[in-house]
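Take a look at the structure below.
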Amino acid sequence: MPILVARDLVKVYQRGSSEVRAVDGVTLNVEAGEFMAIMGRSGSGKTTLLDLLGCLLRPTSGALEIDGRSAIGASDGELATIRRERIGFVFQEFNLIPTLTALENVLLPLRYGPRRPDRQARATELLELVGLGSRTSHRPTELSGGEQQRVAIARSLVNEPAVILADEPTGELDSATSDTLMETLRSLHRDRQVTIIIVTHDAGIAGRTDRVVRLSDGRVVADERRDEPGFDRALADKPAANGHGGRVWAGVR
Ligand code: ADP
Ligand code: MG
């Protein structure tokens, strides 16, 4: 069964009297255990789509199921529960609390759930898993960018989510550090069968996953898997079929 099912998802933002169709009819199935990328230029709707999939935003229209459960009719409280229990978020800017240690940052999401006696051990284990076993009592300023992002990844795993959503997770990192981070994500995927969706504008990052969904003007214009012919074509930096030529970007359809 798919972990995520999006059908004809649309998100329209009002901007003064005009509207922006940031996500314009996206249909997408994500199977449990996929390691995939959503790739597109700046402004193509990647963050909006990820925020819809993560229930941080409500769609203007369309259907969304997470782990077999519809997110459409859910109340704000129910959406908060879905986010907390089923989804792990990783952001470009790490979003760690500067006054807390690495361990305390990883423990943070557990504050809102049921009490678990093994929380400390579990957070420590996750930091070890991302290679930071010797950094548990460091604060974010005492860690490199790559280490901070690995703390954020450990934090995203602490509630055992069904899926990790990462928005430009390597955006603040140099290319060598990005490579290491992608290896960390790859090994989490391989060893723990974690479902991971990475948003990126970088074909090099997207090409390290197993499936690349390409967005342009809020629409899916390619969806290729590594084991299918044409995987490389999805990564080629060609103008997309319905690119910026025809339709007025902020136009009302
Ligand atoms: P990406 O992450 O691919 O750069 P975004 O999802 O951030 O794309 O944005 C897609 C489009 O929606 C852009 O035109 C952007 O300006 C617009 N947009 C994003 N967020 C908002 C918002 N809160 N209000 C109005 N327009 C927005
Ligand atoms: Mg973005």
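Residue numbers run from 1 in the order of the sequence given. The figures that follow rest on heavy atoms only: side chains count, while hydrogens, waters and symmetry mates do not. Counting starts at 1 for both ligands and their atoms, in listed order.
- Of the options Ile196, Asp67, Val30, Ile197, a side-chain contact (heavy atoms from CB on, under 4.5 Å) to Val163 is made by Ile197 and by none of the others.
- The heavy atom nearest to atom 16 (O) of ligand 1, considering only Arg15, His201, Met39, is found in Arg15.
- Ligand 1 has no N or O atom lying under 3.5 Å from any N or O atom of Gln14, backbone or side chain.
- Backbone or side-chain N, O or S atoms of Thr47 reach the Mg ion (ligand 2) at under 2.8 Å.
- At least one heavy atom of Gly45 sits closer than 4.0 Å to an atom of ligand 1.
- Near Thr48, meaning under 4.0 Å from one of its heavy atoms, ligand 1 places the atoms 5 (P), 6 (O), 9 (O).
- Between Glu85 and Asn159 there is no side-chain heavy-atom pair separated by less than 4.5 Å.
- The parts of Lys46 lying near ligand 1 are both backbone and side chain, judged by heavy-atom distances below 4.0 Å.
- The backbone N or O of Leu143 lies less than 3.5 Å from a partner atom in the side chain of Gln148, making a donor-acceptor pair.
- With a 4.0 Å heavy-atom cut-off, ligand 1 is reached by the backbone of Thr47 and by its side chain too.
- Heavy-atom minimum distance, Ile164 versus Ser156: CD1-OG, 3.2 Å.
- The contact set between ligand 1 and Ala22, taken as ligand atoms under 4.0 Å from a residue heavy atom, comprises 10 (C), 11 (C), 12 (O).
- A salt bridge between Arg225 and Glu31 is absent, with no side-chain N of the basic residue lying under 4.0 Å from a carboxylate O of the acidic one.
- Only backbone heavy atoms of Arg41 (N, CA, C or O) come within less than 4.0 Å of ligand 1; its side chain stays farther off.
- Formation of a donor-acceptor pair under 3.5 Å by the Asp210 side chain with backbone atoms of Arg226 is not found in this model.
- For the pair Arg186 (side chain) and Arg208 (backbone), a donor-acceptor distance under 3.5 Å is present.
- Proximity annotation for atom 1 (P) of ligand 1: of Gly43, Ser18, Gly16, Gly43 comes nearest, heavy atoms only.
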